Amino acid sequence: MAELRLKEILTSRGITQKDFAEMMTQAGSPMSKQFVNNIVTGRQNPSWPTMEAITRVLGIELWELFVSSDMLNEKSAPDYCEVPQQELTALIEFRGNLYKASSIAELEKMIADWKEENKK
């Protein structure tokens, strides 16, 4: 799964992991401080419903968990073809899992792997 920007978002807002766990619980999505820490450190991936709950509590769009608005603004839309492959960010939900590709080659490999799985 793609790395989430949860730590960056919480830090920028002055929210501790403990406070965030309490915010999630108050919003009807109980979450322990340990679970928040596991997400922040990448030891555990949240489910799709948990990511949706996180975005509701933080008042952000789902894509903002993966890409900052500053990253989007680095290139204007007409220049998208000139972006080197390593700067590609593709977020794909496939069969309930979220994947991130950082290059066209990675994206093509994911698609090829999924097509191969479908043949089985």
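Given the structure is predicted, the values throughout are model-derived calculations rather than measurements.
In this structure the side chain of Ile92 reaches within 4.5 angstrom of the side chain of Leu107, judged on heavy atoms. At a threshold of 4.5 Å between non-hydrogen side-chain atoms, the residues Arg5 and Phe66 do not count as touching.
Applying the side chain to side chain donor-acceptor pair (under 3.5 Å) rule to Glu116 yields no partners; only residues at least two apart in sequence or on another chain are considered. By the salt bridge (Lys or Arg N to Asp or Glu O under 4.0 Å) test, Glu61 is found to be paired with no residue, residues two or more places apart in sequence or in another chain being considered. When the side chain to side chain donor-acceptor pair (under 3.5 Å) test is applied to Gln34, the partners found at least two apart in sequence or on another chain are Asn38. Lys109 pairs by the side-chain contact (heavy atoms from CB on, under 4.5 Å) definition with Asp113, not counting sequence neighbours. Residues passing the side chain to side chain donor-acceptor pair (under 3.5 Å) test with Thr50 are Ser47, sequence neighbours excluded. Here Ile60 pairs with Ile9, Arg13, Thr55, Leu58, Glu64, Leu65 under the side-chain contact (heavy atoms from CB on, under 4.5 Å) rule; sequence neighbours left out. The ring pair (Phe, Tyr, Trp, His ring centres under 6.0 Å) check on Trp48 picks up nothing, with sequence neighbours excluded.
Taking CG of Asn45 as the start and CG of Leu4 as the end, the distance is 7.0 Å to the nearest 0.5 Å.
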Under 3.5 Å, which donor-acceptor pairs link side chains of residues 17-25 to any protein atom two or more places apart or in another chain?
from	atom 1	to	atom 2	distance (Å)
Gln17	OE1	Asn37	ND2	3.0
Asp19	OD2	Thr16	OG1	3.1
Thr25	OG1	Ala21	O	3.0
Thr25	OG1	Met31	N	3.3

